[in-house]
*Asks:* 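So that we are looking at the same thing, I have put the structure below in C-alpha cells.
Along the sequence shown, residues are numbered consecutively beginning with 1.
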Amino acid sequence: MDNYTSKTVEKVDEKRGSYTKYCLDNLILMFFIFAFSGWVWEVIYIGVTEGVIAKRGMLHGPWLPIYGVGGILILLILSRFQAHPAAVFVLAVLMCGTMEYSTGLAVEYIFRCRWWDYSEKFMNINGRVCLEGLTLFGVTGTIATCKVGPMLNDAIGKLHRQLHTFLNIVLSVAFILDLVFSMFVPNMGVGVTYSLLK
C-alpha cells in the first residue's frame, strides 16, 4: 500500500535527546484534529456549565482554529523539549496565554464583540486569559508534545497517500470558505458570544 510511513516520524539526535519532527502534510490534518477536538471540548463544557448547546467559535463549521494553530505551534516549537515535560508545561502556558490574549484582543477590536470572557474567573487578565484556562493549556500542551503528537503523526503517516491528500484538500477548502464567510457573517448568539463592546 502506498503510504507516508517513510516520512512519518523522524527522530533527531541532539544533546537534548531525540524528538519528533513533523512534515507539512501531517501537520495540515493534525491542525483539523486539534481544531475539531477544541470545538467538541468547548461545546461540551458550555453545555455542562451554562446549560446551553451551541456551536462554539466565530466560524460556522465544527472547528476552533485557535486550538489548531496553538496545537501545531506547540508541536513545532516545543518538540525539541519532549524529554523535559516541566519545561514543556511552562512554555506551553506562556505560548497559549500569549496567543489567547492577543487573539481575544484582535477579535474584540475587529468585531466589537467577545467570544470568551473570563472576567468572573480567578486570576484573570482583562477577561481574556485566566489561571484555570492556562493551567489546562499547559497540561494538554504537555500531553500533546510528549505523547499525542508523536502518536498522531505516526498514525496519519500510515494513511493511504490518496486518502491523505483528499482529506487535506477537502478540509482546507471547506475551512477557507468558512473563514471568508465568517469574516462577514460571524457565528454569534447565546452560548457563543458574551458581550458587545461599545
Side-chain angles (χ1 to χ4, degrees), residues 27 30-79 81 84-146 148-149 175-176 178-198:
L27 288 173
M30 291 172 78
F31 165 85
F32 290 108
I33 292 173
F34 293 145
F36 176 71
S37 299
W39 182 83
V40 170
W41 155 251
E42 291 210 3
V43 168
I44 294 173
Y45 179 79
I46 295 301
V48 172
T49 59
E50 299 185 15
V52 177
I53 301 300
K55 294 189 304 180
R56 294 288 296 162
M58 188 186 81
L59 276 61
H60 295 269
W63 38 44
L64 290 173
I66 191 169
Y67 285 89
V69 173
I72 296 305
L73 286 178
I74 283 175
L75 293 182
L76 289 176
I77 296 173
L78 302 186
S79 288
F81 304 109
H84 308 284
V88 172
F89 175 85
V90 172
L91 293 171
V93 166
L94 293 174
M95 285 178 59
C96 292
T98 301
M99 175 176 288
E100 187 173 37
Y101 191 93
S102 58
T103 301
L105 189 63
V107 295
E108 288 170 27
Y109 177 78
I110 296 170
F111 298 100
R112 310 307 299 166
C113 186
R114 284 190 167 186
W115 271 265
W116 63 88
D117 189 350
Y118 304 132
S119 297
E120 304 300 319
K121 296 284 188 178
F122 176 65
M123 290 186 69
N124 73 86
I125 303 176
N126 298 324
R128 298 187 186 103
V129 295
C130 67
L131 180 62
E132 177 185 327
L134 293 177
T135 302
L136 180 62
F137 286 140
V139 171
T140 54
T142 303
I143 294 172
T145 300
C146 300
V148 176
F175 177 78
I176 291 170
D178 189 3
L179 181 62
V180 172
F181 177 74
S182 299
M183 291 298 292
F184 297 96
V185 187
N187 180 39
M188 304 174 76
V190 177
V192 181
T193 49
Y194 291 91
S195 58
L196 294 173
L197 306 177
K198 297 180 179 180

*Asks:* Would you name the heavy atoms of I74 and A92 that are closest together and state the gap between them?
*Replies:*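 For I74 and A92, the tightest heavy-atom pair comes out as CD1-CB, 4.3 Å.
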*Asks:* Give the minimum heavy-atom separation between V88 and T142, together with the two atoms involved.
*Replies:*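 Looks like CG1-CA, 3.7 Å.
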*Asks:* Pick one: which of R128, E132, E100 meets side-chain hydrogen bond (donor to acceptor under 3.5 Å, both in side chains) with Y118?
*Replies:*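 Only one of R128, E132, E100 forms a side-chain hydrogen bond (donor to acceptor under 3.5 Å, both in side chains) with Y118, namely E100.
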*Asks:* Can you confirm if the aromatic rings of W63 and F32 lie within a centre distance of less than 6.0 Å?
*Replies:*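 Ring-ring flag for F32/W63: true, centres closer than 6.0 Å.
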*Asks:* Which value, rounded to the nearest 0.5 Å, describes the distance between T49 atom OG1 and I44 atom CD1?
*Replies:*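 It comes to 11.5 Å.
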*Asks:* In Å, rounded to the nearest 0.5 Å, how long is the span from CG of D117 to CG of N124?
*Replies:*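 Separation between the atoms: 8.0 Å.
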*Asks:* Is there side-chain contact between L134 and M123, with at least one heavy-atom pair below 4.5 Å?
*Replies:*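 Sidechains of M123 and L134: no contact.
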*Asks:* Please report the interatomic distance CE(M58) to CD1(I66), rounded to the nearest 0.5 Å.
*Replies:*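 Rounded to the nearest 0.5 Å, the CE-CD1 separation comes out at 11.0 Å.
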*Asks:* Determine whether K55 and W39 make a side-chain contact, defined as any pair of heavy atoms from C-beta on separated by less than 4.5 Å.
*Replies:*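 Yes - at least one pair of side-chain heavy atoms lies under 4.5 Å apart.
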*Asks:* Minimum heavy-atom separation for S182 to L59, with atom names?
*Replies:*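 So the minimum-distance heavy-atom pair works out to OG-CA, 3.4 Å.
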*Asks:* If you round to the nearest 0.5 Å, how far is CH2 of W116 from OG1 of T193?
*Replies:*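 Atom-to-atom, T193:OG1 and W116:CH2 are 12.5 Å apart.
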*Asks:* Does any non-hydrogen side-chain atom of V192 lie less than 4.5 Å from one of W115?
*Replies:*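 W115 vs V192: side chains touch.
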*Asks:* Could you check whether any side-chain N or O of R56 sits under 3.5 Å from a backbone N or O of G191, counting only pairs where one atom can act as donor and the other as acceptor?
*Replies:*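 It does hold such a pair.
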*Asks:* What verdict does the side-chain contact (heavy atoms from CB on, under 4.5 Å) test give for F31 and V69, after you've listed the backbone C-alpha separation in whole Å, the side-chain angles of each residue and the deciding distance to 0.1 Å?
*Replies:* CA-CA 7 Å; F31 165 85; V69 173; 3.8 Å; yes
*Asks:* Nearest 0.5 Å, what's the CG-CZ distance between L105 and R114?
*Replies:*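 Output value for this atom pair is 9.0 Å.
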*Asks:* Are M183 and F111 close enough that some pair of their side-chain heavy atoms sits under 4.5 Å apart?
*Replies:*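 Yes, their side chains come closer than 4.5 Å.
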*Asks:* Please walk me through it: do W41 and L136 pass side-chain contact (heavy atoms from CB on, under 4.5 Å)?
*Replies:* CA-CA 12 Å; W41 155 251; L136 180 62; 3.8 Å; yes
*Asks:* Using every non-hydrogen atom in the two residues, find where L76 and L27 come nearest and quote the distance to one decimal.
*Replies:*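 Closest heavy-atom pair between L76 and L27: CD2-CD1, 3.7 Å.
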*Asks:* With a 4.5 Å limit on heavy-atom distance, are the side chains of Y194 and S119 in contact?
*Replies:*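 No, too far: nothing below the 4.5 Å cut-off.
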*Asks:* Write down the atom of F81, the atom of I77, and the distance for their closest heavy-atom approach.
*Replies:*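 Looks like CE1-O, 4.0 Å.
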*Asks:* What closest approach, in Å, do K121 and C130 show between heavy atoms, and which atom pair accounts for it?
*Replies:*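 What the structure gives for the nearest pair is CB-CB, 3.8 Å.
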*Asks:* CE/M30 to CG/L75 distance, rounded to the nearest 0.5 angstrom?
*Replies:*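 The CG atom of L75 is 5.0 Å from CE of M30, to the nearest 0.5 Å.
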